[in-house]
Asker: 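Dropping a structure here in structure tokens format, bear with me for questions.
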Amino acid sequence: MPELPEVETIKNELLFHIIGRQIVSLALPWAGIVRELTVDDFISRLSGRTILGLARRGKYLIFSLDGPEALVMHLRMTGSLLVMPGCTEAGKFVRLVIYLDNGTAIHFRDPRKFGRVWLTPDIGAVIKKLGPEPLDRDFTPQVLAERLAKRSAPIKALLFDQGFIAGVGNMYADEALHLSGIHPLRPGKSLSGEEIERLYRAIQEVLTAAITRSGASVANYYRPGGELGTAHFDFRVAHFLNGKYCAVCGAPLERIRVRSRGTYYCPACQPL
DNA sequence: ATAAGGCCCTGACCGC
DNA sequence: TGCGGTCAGGGCCTTA
């Protein structure tokens, strides 16, 4: 499912297909993907716009346009954006099609209908609750320490809380905790300075490595050209993809639930 | 303010 | 083969 590395990959690979392209028309096979506008408004305000830029913030994609509004998308769990020839019929799970002036179209495919799009003059209103970008220069171990200082929630829950850090979801939270040897149920404020430093480096490493691998193709993640990512080949615990034993120490992995999210960890490498 | 649980959705999977 | 039940979880909402 798309987390920061997957959305970053989609942004990088979609960019050259869409920059400078004009939106000539749209199709909305499932109107529910637009929530704060009527479908007619959405189509009429987006038609004819030229796409000037594409950026990522957390797990959101932000398309800047030649008008006062920006197109914002969230793929949630099962969404993907696919570049197709303009004549391709929308498949079964395609919820939105954006036809471009070069004869191609972007298909927003989303089997579970969790994905959303917004057309708004105020991007800040959509993404205002997001915490810091983990790969930004100003996200430092000190910032992480300050944010953890008064939090009693399990560290795993904090890591996938978008208001705490933007972009980390269930998979990369498990990976970062395993890499740093921290038990997912440790209260945030119980982490020592040295553990915070390790966790900080682990977050950077798992996200950066996954971007290098073009994301992890778990569930319904496809890149815009339809290719899969390979980051999950490096996973140590997430989703048990590499088997049921810890790749580091050989101990059996355990699965618990944290905030109703399946959480995988090694009880030997990550003692409580 | 934080913490925790439910909800939306539907394909995949399992046991019978 | 078919069927019902369960699971998966991002973000948002409600409740305490």
Side-chain angles (χ1 to χ4, degrees), chain A residues 1-10 28-36 56-62 72-81 90-96 108-118 120 123-134 144 146-177 184-191 207 210 215-222 228 232 235 237-241 244 253-265:
Chain A
M1 39 222 85
E3 301 182 20
L4 187 153
E6 289 73 32
V7 180
E8 180 72 14
T9 300
I10 291 166
L28 278 135
W30 181 63
I33 196 167
V34 182
R35 283 295 161 96
E36 283 157 35
R56 179 193 60 75
R57 173 78 171 97
K59 304 176 195 173
Y60 290 82
L61 285 168
I62 300 161
V72 181
M73 293 189 182
H74 198 296
L75 303 171
R76 296 280 182 98
M77 291 176 57
T78 58
S80 49
L81 293 175
K92 186 178 175 192
F93 304 120
V94 173
R95 314 302 182 190
L96 165 69
F108 190 135
R109 182 183 184 275
D110 182 24
R112 288 176 61 185
K113 296 182 174 176
F114 281 117
R116 292 290 177 268
V117 297
W118 297 260
T120 174
I123 298 163
V126 178
I127 62 172
K128 60 175 181 260
K129 290 176 184 164
L130 293 181
E133 278 295 320
L144 180 58
E146 283 162 21
R147 298 182 74 80
L148 284 171
K150 291 179 180 172
R151 304 297 297 266
S152 60
I155 184 63
K156 165 72 189 278
L158 294 173
L159 287 180
F160 70 68
D161 176 348
Q162 300 304 293
F164 185 80
I165 304 181
V168 177
N170 200 39
M171 299 186 298
Y172 294 104
D174 279 357
E175 289 301 308
L177 287 172
L185 291 179
R186 289 278 304 282
K189 63 186 177 191
S190 76
L191 270 61
L207 295 179
S217 279
V218 172
N220 288 271
Y221 169 70
Y222 298 95
L228 301 177
H232 52 294
F235 281 178
V237 288
H239 291 261
F240 280 143
L241 285 178
K244 303 209 177 214
L253 297 177
E254 282 187 11
R255 179 182 186 277
I256 56 174
R257 278 184 169 274
V258 179
R259 290 273 217 282
S260 81
R261 269 32 166 191
T263 297
Y264 305 95
Y265 71 103

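Below, read A as the first sequence line, B as the second, and so on, with proteins coming before strands; counting in each chain starts at 1.
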Asker: Need to verify one output field. Residue with the more 5' nearest nucleotide on DNA chain B, A:Ala153 or A:Pro111?
Answerer: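 By nearest-heavy-atom nucleotide position, the 5'-most residue is A:Ala153.
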Asker: If you assign A:Lys150 and A:Trp30 each to the DNA chain B nucleotide with the nearest heavy atom, which residue ends up on the more 5' nucleotide?
Answerer: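 Nearest nucleotide further toward 5': that of A:Lys150.
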Asker: Does a side-chain heavy-atom distance below 4.5 Å link A:Ile155 with A:Leu148?
Answerer: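 Yes, side chains in contact.
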Asker: Once you apply a heavy-atom cut-off of 4.0 Å, does A:Lys59 come out as touching a base, just sugar-phosphate, or nothing?
Answerer: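 The answer is sugar-phosphate, as A:Lys59 gets under 4.0 Å only of primed atoms, P, OP1 or OP2.
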Asker: When you check the phosphate oxygens OP1 and OP2 of B:dA4, does a side-chain N or O of A:Ser260 lie under 4.0 Å from one of them?
Answerer: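 Negative; the distance criterion is not met.
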Asker: I want to check something: taking the side chain as every heavy atom from C-beta on, are A:Glu133 and A:Arg56 in contact at a cut-off of under 4.5 Å?
Answerer: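 The answer is yes; the side chains approach within 4.5 Å.
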Asker: At 4.0 Å (heavy atoms only), tell me whether A:Pro154 reaches a base, stays on the sugar-phosphate, or touches nothing.
Answerer: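 A:Pro154: backbone/sugar contact only, no base atoms under 4.0 Å.
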Asker: Give the rounded distance in Å between these two atoms: CG of A:Leu158 and P of B:dT2.
Answerer: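 It is 10 Å, rounded to the nearest whole Å.
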Asker: The side chain of A:Arg112 is closest to which nucleotide in this list: C:dA8, C:dG11, B:dA3?
Answerer: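 The nucleotide sitting nearest to the side chain is C:dA8.
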Asker: Does any donor-acceptor pair link the side chain of A:Arg259 with the base of B:dA3 at a separation under 3.5 Å?
Answerer: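 Absent.
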Asker: Go through the N and O atoms of the side chain of A:Arg261 and the base of C:dG11, and report whether any donor-acceptor pair is under 3.5 Å.
Answerer: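 Counting by modelled atom types and ignoring angles, a donor-acceptor contact under 3.5 Å is found here.
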Asker: For the side chain of A:Arg151, counting heavy atoms from C-beta on, which of B:dC9, B:dA3, B:dG11 is nearest?
Answerer: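 The answer is B:dA3.
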Asker: Check every atom of C:dG10, B:dA3, C:dC13 against the side chain of A:Glu3 and return the nucleotide holding the closest atom.
Answerer: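 Looking only at heavy atoms from C-beta outward on A:Glu3, the closest nucleotide is C:dG10.
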Asker: For A:Lys129 and A:Asn170, find the nucleotide of DNA chain C closest to each by heavy atoms; which residue's nucleotide sits nearer the 5' end?
Answerer: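 Going by which nucleotide is closer to the 5' end, it is A:Asn170.
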Asker: Would you mind reading off the distance between A:Met77 atom CE and C:dC12 atom P, rounded to a whole angstrom?
Answerer: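 Answer to the nearest Å: 15 Å.
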Asker: From the list C:dA8, B:dA3, B:dT10, which nucleotide is the closest neighbour of the side chain of A:Lys113?
Answerer: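 Selected nucleotide (nearest to the side chain): B:dT10.
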Asker: In whole angstroms, how far is the P atom of C:dG10 from the CG atom of A:Leu75?
Answerer: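 Rounded to the whole Å, the gap is 13 Å.
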Asker: Using OP1 and OP2 only, check whether a side-chain N or O of A:Arg76 sits under 4.0 Å from C:dG11.
Answerer: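 No, outside the criterion.
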Asker: Find the distance A:Tyr172:OH to C:dG10:C1' and express it as a whole number of Å.
Answerer: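 One finds 15 Å between C1' of C:dG10 and OH of A:Tyr172, rounded.
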Asker: Please state how far atom CG in A:Asp110 lies from atom C1' in B:dC8, giving the value in whole angstrom units.
Answerer: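 A:Asp110 atom CG is separated from B:dC8 atom C1' by 12 Å.
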Asker: Hey, is the side chain of A:His74 poking within less than 4.0 Å of OP1 or OP2 on C:dG10, counting only N and O atoms?
Answerer: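 False: A:His74 side-chain N/O out of range (4.0 Å or more) of C:dG10 OP1/OP2.
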Asker: Has the side chain of A:Gln162 got a donor or acceptor atom that lies under 3.5 Å from a matching backbone atom of A:Phe160?
Answerer: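 Yes, A:Gln162 side chain to A:Phe160 backbone: donor-acceptor pair under 3.5 Å.
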Asker: Just to be sure I understand the rule, does A:Phe93 reach a base, reach only the sugar-phosphate, or reach nothing, if contact means heavy atoms closer than 4.0 Å?
Answerer: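 Result for A:Phe93 = sugar-phosphate.
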Asker: Is it true that A:Tyr172 and A:Glu6 share a donor-acceptor pair across their side chains at a distance under 3.5 Å?
Answerer: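 Per modelled atom types, A:Glu6 and A:Tyr172 side chains form a pair under 3.5 Å.
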Asker: Could you give the CG-to-P distance, from A:Asp161 to C:dG11, as a whole number of Å?
Answerer: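 Spelled out: CG on A:Asp161 to P on C:dG11 is 10 Å.
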Asker: Run through A:Trp118, A:Tyr60, A:Phe108 and flag the one making a ring-ring contact (aromatic ring centres under 6.0 Å, His included) with A:His74.
Answerer: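 Single pass found, and it is A:Tyr60.
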Asker: Rounded to the nearest Å, what distance is computed from the CZ atom of residue A:Phe160 to the P atom of nucleotide B:dG5?
Answerer: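 About 11 Å, once rounded to whole Å.
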Asker: Looking only at heavy atoms, what is the nearest atom pair of A:Met77 and A:Pro2, with distance?
Answerer: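 Minimum heavy-atom contact is O-CD, 3.2 Å.
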Asker: What's A:Tyr60 touching, base or sugar-phosphate or nothing? Going by heavy atoms closer than 4.0 Å.
Answerer: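 Sugar-phosphate, backbone atoms only, no base.
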Asker: Could you state the CG-P distance from A:Leu148 to B:dA3, rounded to the nearest angstrom?
Answerer: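 Result: 11 Å.
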